[in-house]
Every structure is written in structure tokens, then in C-alpha cells.
There are 2 protein chains.
Amino acid sequence: MSLQHAVLCVLEARAMTGYELTQFFESAAKWVWTAPQSQIYPLLRQMEKNGLIAGEVQLRGEKLKRTSYSLTEEGLAELRRWIAEPQPEPPTRDALLLQVLFADLVEPEECEAVLRNHIAEQRVKIRLWREHEARLLAGDTPLLRERLAHRDPKDHQRIGALKAHVFSELVRAAEQRVAWAEEAIGILHGG
Amino acid sequence: MSLQHAVLCVLEARAMTGYELTQFFESAAKWVWTAPQSQIYPLLRQMEKNGLIAGEVQLRGEKLKRTSYSLTEEGLAELRRWIAEPQPEPPTRDALLLQVLFADLVEPEECEAVLRNHIAEQRVKIRLWREHEARLLAGDTPLLRERLAHRDPKDHQRIGALKAHVFSELVRAAEQRVAWAEEAIGILHGG
DNA sequence: TAACTCATGTAATCGGTTACATGATTCG
DNA sequence: CGAATCATGTAACCGATTACATGAGTTA
């Protein structure tokens, strides 16, 4: 259950409600972890039960309650432990590579269409990640600001650079993938 | 259920038993799709029920039966359909990137250890994939030979090149990842 | 004969996906 | 007033993981 640690990461910046976390994790492509709304709420209750986070019920209007969750000491300790521990590498399961591996079963044009579709999707992601990278380098995302607020100012630049570096990896990986797909199209047509 | 299509891919080369398929999909790192043994047998029965594959019971010795599965017409048609259809891109869920994103919560040395561990793992994979790539270019893997046997000889070179290109992507992606991790270590120490 | 490989099975559990449901509040 | 947003929930299902179990055939 690694969403748990992704949630701990986000809550380290500031307390959030299930709704806010949902928006965060459903804005899929933009970030490094994704989760649907239906996973968030049960997980939050479970994490609270385990003492990793603490919920504070607030009132909005007359009847509407919302629960804002924040990290406990225990939650922060668990997060630190997790960050410093090597995680098992996920098994490879890549549908596109499988499709290209057996591309000789279909017409070259069919495979080319699949690859071009992939290229287009990667380019969308590249654009989003690049924007995010630039904003991180400028120290300009809301979450980053809130995190920096309780860190030593002399570390601010380094922290921002490290975060931006993460998104530069996403960008470079996607660019590499685009270049590869273009080469594959060449080979398809007997290049 | 995409393991289904990975199984169809493998069976297109030649008929196999559940045991053979298990070995194929459990030799994890080497290939582009992974699955544990417990997934294989139930899936094969289900695929047979759906008419995608046909099982032929063979005898080994007195009592020992084994079932060898091969593609049906329907299975091949489904495989062709799947290969030519764009697959939804998997959501990003990258533990290492998450760890580096929040590396400022731990000591730089702790994060460096995680990154060095990652680099070592990538290097192992790179070596395996490179070997496989070379063998594919030489037309030298058992499965490739069996596939080429029932394809037009004038296409052999192109098919091998395309398959090798897939593994070159795995290699390049892993190399990129290594380079990135090394840069990250530099930034960690305030470079 | 003991160890290893061949060969097939099941059950519990987990994390994630899809889909549906409900009601309050705010905004145009 | 109606639409959009805020806010939380549940249930069925799927693919994958872990772990355990069984027995026949082969080899040293």
C-alpha cells in the first residue's frame, strides 16, 4: 500500500481534507502518483486508526462537516523511515513494447498508428511536466511554498532544485520514448 | 486483463504448457511482461473456455498428463486486433521519484544510499537486456527462431531488428535513469 | 533413495478501477 | 433557481501477490 506514503508526503506540507487530497491525486498526469477518489477516504480512516494521521472535524456552514487530516509524530517518523528505505522495483509490464515486439502480425501502418498515438500522448505529458518543472525552479507551486515555510531558508534553493530534477526525469524519459517510437516507425517501413 | 494478450503473443510462436509459460513469465527482468505462476493456470483455463486457445492433453510416462495450449483462429484474430489498438497509458506511480521529491526530510546520505541501490539494480537489468538485444539481432533466441519459421524469409531481418529495438529502449531508459540518479546525488550534496 | 525438475492446483489478501449515491454550499 | 463545487461515502470487480500444497518423473 504505497498510496499511504504518497498521502503522508502531501500531508507533510500541510493538513488537507479527503476532498483536497482527491483532487491532488486525480490530477493524474501532472504528478508522480495517482489514485481515484474511492481509495482516498477509506485509506484516510485506516491511517487515522493506525495513528499516522489525525483528523480534525471542522464546520462549514450549518450542517456540513469536513475533516482535515494532518501528520502525527508517528506519521512523520514512518514517512522518514519509508523515504530512506529502498523500495522494490516494480515488475515490467509494458503494453506498447509488447505490441511492437509482435508488430509483424499486423500491417506496418497499423503499428505506426499506435506509435503515433503514443507519441502524441507523450508530448502532452512533456508539456505539463515541463511547466511544473519551471514552476518548481521558480519556487512557485503552492505546495512547495508551504513546505519551504517550515524549512531552513538556506536549503530552499537545493530543495527546489531536487524537486525540479524529478520532473526533468519525467520529461527526459518521455522525450526518449518519443525518439524511440519515431525510430521504430522507421524500422517498420524497412529502414 | 493484459496478461491474456502477453500469453497470446507467446503462444503465437509455438504451443506451450502452463509450466513453460510460467517459466517464461517468471523470468521477470528479462522480458517486457511478468506474471506469477498462480496467475497462469486459471487464466489458461479461462482463455480456453473463451475459445482463444486450445489445450491438447499429452502423456508423459504412465500417469502424468500435461496440457499444451496453442492459439486458435479466434485467438490469433483477437491478438491482431489488440496489437493494432492503442492501449491506455498506465498511470504514473513511481516510488523512487516520490522518495527523491521528499528527500529533504531525511539525511542526504540516506537518500544517496537509496539512489545508489537503484543504480545498481538498473545496471543488472541493463546487462540482461543488452544480452537479449544482441541475441535478437543475431536471430539467436529460441522463441524468435520458432516465430521466424512461419514467416516470409525476406521479413526476417526487419522482424529481428524491430524486436531488438524494443530491448534497446529498455536499455536506454535504464541508462537514462542511472544518469539521472547520479545527477540527483550531486544535487543532494548542494552541487 | 534423496534431491531436483516437471506439472498443476488453490486460497487469502491487496491495491486499484469503475460506477453509483447522497447531500450541503456557493455562485451566477 | 439551477448549475457547479464541496464533501463523503459504498460496492462489485479485477489483476496481481504471496503462500501453501500435491504428486509424478528424472537424475545423481
Side-chain angles (χ1 to χ4, degrees), chain A residues 1-8 15-29 31-50 53 55-69 82 87-95 98, chain B residues 1-8 15-29 31-50 53 55-69 82 87-95 98:
Chain A
M1 200 195 318
S2 238
L3 172 58
Q4 196 169 25
H5 296 103
V7 166
L8 290 174
M16 282 195 192
T17 68
Y19 183 76
E20 287 174 295
L21 283 165
T22 295
Q23 286 185 306
F24 202 89
F25 285 101
E26 277 190 344
S27 66
W31 212 50
V32 299
W33 208 273
T34 307
Q37 177 260 5
S38 64
Q39 247 189 306
I40 303 288
Y41 289 98
L43 178 65
L44 288 173
R45 288 195 298 270
Q46 191 203 312
M47 287 171 73
E48 187 174 29
K49 210 186 68 188
N50 298 343
I53 57 178
E56 190 204 353
V57 177
Q58 300 167 340
L59 276 166
R60 283 213 339 144
E62 295 285 291
K63 299 176 183 176
L64 190 55
K65 288 176 198 168
R66 55 177 220 165
T67 312
S68 184
Y69 293 93
W82 181 82
Q87 302 306 314
E89 25 167 15
T92 359
R93 235 170 248 130
D94 192 316
L98 200 54
Chain B
M1 199 193 325
S2 237
L3 172 58
Q4 195 170 23
H5 296 102
V7 166
L8 289 175
M16 283 194 191
T17 67
Y19 183 76
E20 287 174 295
L21 284 166
T22 294
Q23 286 185 306
F24 203 88
F25 285 101
E26 278 190 344
S27 67
W31 212 50
V32 299
W33 208 273
T34 308
Q37 177 259 6
S38 64
Q39 246 188 308
I40 302 289
Y41 289 98
L43 178 64
L44 287 173
R45 289 195 298 270
Q46 191 203 312
M47 287 171 73
E48 187 175 28
K49 210 185 67 186
N50 298 343
I53 58 178
E56 190 203 354
V57 176
Q58 299 167 342
L59 276 167
R60 283 211 338 142
E62 295 285 290
K63 298 176 185 177
L64 190 53
K65 287 175 198 169
R66 56 179 219 163
T67 312
S68 183
Y69 292 94
W82 181 81
Q87 302 306 315
E89 26 168 13
T92 0
R93 234 170 248 131
D94 193 315
L98 199 54

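Within every chain, numbering begins at 1; the chains are lettered A, B, ... in the order of the sequence lines, protein sequences first and strands thereafter.
- Comparing the start and finish of the helix from C:dT1-D:dA28 to C:dG28-D:dC1, five pairs each, the helix axis swings through 20°, to the nearest 10 degrees.
- A residue-by-residue look at A:E62 and B:Y19 shows that B:Y19 has its nearest nucleotide of DNA chain C further toward the 5' end.
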- Message: Walk me through whether A:F24 and A:V7 qualify under side chain to side chain contact (heavy atoms under 4.5 Å, CB included).
- Response: CA-CA 10 Å; A:F24 202 89; A:V7 166; over 6 Å; no
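- Checking side-chain atoms of B:S68 against main-chain N and O of B:E56 turns up no donor-acceptor pair under 3.5 Å.
- Relative orientation of the B:W82 and B:H5 rings is parallel, given thresholds of 30° and 60° on the angle between their planes.
- B:S38 comes within 4.0 angstrom of a base, heavy atoms only.
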Please tabulate, one pair per line, each protein N/O and nucleotide N/O from nucleotides 26-28 of chain C that are separated by under 3.5 Å, including the distance.
none

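- Side chains of B:L3 and B:F25 form a contact here, defined as non-hydrogen atoms less than 4.5 Å apart.
- Listed by chain and residue number, B:K125 satisfy the side-chain hydrogen bond (donor to acceptor under 3.5 Å, both in side chains) test with A:E89 (two or more places apart in sequence, or in another chain).
- Here the side chain of B:Q87 pairs no donor or acceptor atom with the backbone of A:A95 at under 3.5 angstrom.
- The side chain of B:Q23 contributes an N or O atom lying less than 4.0 Å from OP1 or OP2 of C:dC6.
- Looking at residues two or more places apart in sequence or on another chain, you find no side-chain hydrogen bond (donor to acceptor under 3.5 Å, both in side chains) involving A:Q46.
- Between the side chain of B:E26 and the backbone N or O of B:Q37, at least one donor-acceptor pair lies under 3.5 Å.
- The residue B:T67 sits close only to the backbone: its heavy atoms come under 4.0 Å of sugar-phosphate atoms, none of a base.
- Here chain B contacts DNA chain D (any atom closer than 4.0 Å to a heavy atom, that is under 4.0 Å), and the contacts span D:dG15 to D:dG25 from 5' to 3'.
- Side chain of A:E20 to main chain of A:T17: a donor-acceptor pair is present (N/O by atom type, distance under 3.5 Å, no hydrogens or angles).
- Counting any heavy atom pair closer than 4.0 Å across all strands shown, B:Q37 reaches a base atom.
- Contacts between residues 41-50 of chain A and DNA chain D, counted as heavy-atom distances below 4.0 Å, involve A:Y41, A:R45.
- Across all strands shown, A:L3 has heavy atoms under 4.0 Å from sugar-phosphate atoms exclusively, and none from any base.
- Residue B:T17 is in sugar-phosphate contact alone, with no base atom involved, counting any heavy-atom pair closer than 4.0 Å across all strands shown.
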